[in-house]
Amino acid sequence: MRRAILALALPAALGFVLSAPAAGAQAPPPIDDLLARVGDRIAEFYKRAQHVVFLEISTVQPLDRHYSSDGFARIVESEMRVEPAAGDAAEATIVREVRKVNGRPPREKDQKERNGCTDPNPLSTEPLAFLLAPHRPEYRFRSAGIAKDRNRPVVLVDFASVNRRSNAELIEDKLGHADCFDWSGEVASRGRIWVDANSYDVVRIDRGLPGLLDVRVPLRIQRRYQLDTYVTIEREDTTIRYRTVAFSDPDEVLLLPESIESLIIARGGLQSTRRSQTYSNYRRFVGEGRVVE
């Protein structure tokens, strides 16, 4: 029986779809200057987004070995907000509170049953954090030109982990879901960042593995679950999109998450999955507890 796998982060295939350069678009600044401006915008986003809550709908579809649907999808609705990361006010943590599971209120057993394995983590790292100054030395960045995304000029930046050697180990789910696994250790990645050429906001990230990922299985887990010495992750592809949301009274425009599409293809005893996360119903808190839709 293929077992469920718990995705590491806010995780369909990478969308490297390029457009022709925007007419009249200016050459992007040097890569270091560009990344510094992007980092400043992310820091501002973290600060301003702490006043916003929004709805996340996560749909996870198990897949068989032919990438076809394998059973029913699981749909989880959560209220989300951004909070300062513990011990580092410059970074952010995503906080979720589950409201519905497959259309019903959450039950206590959802916290331990195998079916809850792919539910989003209550706390997770905001996925733009790797572009902040303390983390940028962990990656190599290079300019990939100028393109268009939704009729706006964007600067394309390719990135890859400096350390391209992954060293991952399979672990049982820290939240205690039955027959559910995660992995720990260093995992190399590569991808592309789409940056608004005018505002320097990140509007899209494509991220994936540079190759097959062999995850070492400890002997205790091998014996308990009849797994081999290694399990292999063939693909872990993620596309994240952001969009601007306008608020009034007072007027303010914020960059907020729009969607995440991800695909995990595994072999060696783990369940492959396709995940779609969409965001809506943005609400902003202003003043003494006043909520603005």
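Predicted model only: the values in this text are computed from it and were never measured.
Taking 4.0 Å as the cut-off between side-chain N and carboxylate O, R74 and D119 count as a salt-bridged pair. By the 4.0 Å N-to-carboxylate-O rule, E258 lies close enough to R150 to be salt-bridged with it.
Judged as a side chain to side chain donor-acceptor pair (under 3.5 Å), and not counting sequence neighbours, the contacts of R142 are D158. By the side chain to side chain donor-acceptor pair (under 3.5 Å) test, S58 pairs with R275, sequence neighbours left out. With sequence neighbours excluded, the residues forming a side chain to side chain donor-acceptor pair (under 3.5 Å) with D201 are R41, S199, listed by chain and number. Legend: residues meeting ring-ring contact (aromatic ring centres under 6.0 Å, His included) with F54, ordered by chain and number and at least two apart, are Y279, Y282. Considering only residues two or more places apart in sequence or on other chains, R107 meets the side chain to side chain donor-acceptor pair (under 3.5 Å) condition with none of them. Qualifying salt bridge (charged side-chain N to carboxylate O under 4.0 Å, His left out) partners for R81, counting only residues two or more places apart in sequence or in other chains: E83. A search for ring-ring contact (aromatic ring centres under 6.0 Å, His included) contacts involving F141 returns nothing, not counting sequence neighbours.
Here V98 is tied into one hydrophobic group with V76, V101, each link being a pair of ILVMFWY side chains closer than 4.5 Å. Cluster partners of L219 are absent, since no Ile, Leu, Val, Met, Phe, Trp or Tyr has side-chain heavy atoms less than 4.5 Å from it. Members clustered with V95: L123, by chain and number, using a 4.5 Å side-chain heavy-atom cutoff among hydrophobic residues. With side-chain heavy atoms closer than 4.5 Å counting as contact, directly or through intermediates, the hydrophobic cluster containing I57 also holds L55, I75.
The backbone N or O of L213 lies less than 3.5 Å from no partner atom in the side chain of E234, so there is not a single donor-acceptor pair. D196 places a side-chain N or O within 3.5 Å of a backbone atom of N198 that can act as its donor or acceptor partner. With Y67 contributing its side chain and I265 its backbone, the two residues share no donor-acceptor pair below 3.5 Å. Not one N or O on the side chain of E44 forms a donor-acceptor pair closer than 3.5 Å with the backbone of D40. A donor-acceptor pair under 3.5 Å is absent between the side-chain atoms of H177 and the main chain of E172, judged by distance alone. Although no hydrogens or angles enter the test, the distance criterion places a donor-acceptor pair under 3.5 Å between the side chain of K112 and the main chain of L175. Without hydrogens or angle criteria, E186 side chain to R165 main chain gives no donor-acceptor distance under 3.5 Å. Remark: the backbone N or O of R192 is not paired with any side-chain donor or acceptor of R204 at under 3.5 angstrom. In terms of modelled atom types and a separation under 3.5 Å, the side chain of T239 and the main chain of D206 share no donor-acceptor contact. A donor-acceptor pair is defined here as one N or O able to donate and one able to accept, closer than 3.5 Å; such a pair exists between the side chain of E126 and the backbone of L128.
Around the CZ atom of R104, the shell of radius 6.0 Å holds more than 12 heavy atoms that belong to other residues, nucleotides or ligands. Heavy-atom contacts from other residues, nucleotides or ligands closer than 6.0 Å to CZ of R164 number 12 or fewer.
With a 4.5 Å cut-off on side-chain heavy atoms, V154 and V195 do not count as touching. Counting heavy atoms from C-beta outward, L156 and W194 have side chains that approach closer than 4.5 Å. By the 4.5 Å heavy-atom criterion applied to side chains, E261 and S276 are counted as neighbours. Counting heavy atoms from C-beta outward, D228 and V217 have side chains that stay 4.5 Å or more apart. Between V38 and V157, every side-chain heavy-atom pair lies at or beyond the 4.5 Å cut-off. Using a 4.5 Å heavy-atom threshold, the side chains of I94 and V82 count as touching. Side-chain contact between H51 and L254 is absent, with no heavy-atom pair separated by less than 4.5 Å. A heavy-atom distance below 4.5 Å is found between the side chains of R216 and N167.
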Working for side-chain contact (heavy atoms from CB on, under 4.5 Å), residues Q271 and D70: CA-CA 9 Å; Q271 177 79 63; D70 184 15; 3.8 Å; yes
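With 3.5 Å as the limit, one finds no donor-acceptor pair spanning the side chains of S272 and R235.
In this pair, F130 and F159 present their aromatic rings tilted. The plane angle is within the 30 to 60° band.
Among pairs with a residue in residues 127-141, none fulfils salt bridge (Lys or Arg N to Asp or Glu O under 4.0 Å), at least two apart in sequence or across chains.
In this structure, CG on L131 lies 4.5 Å from CD1 on I193, to the nearest 0.5 angstrom. For the atom pair CD (Q111) and CD (E113), the distance works out to 11.0 Å, reported to the nearest 0.5 Å.
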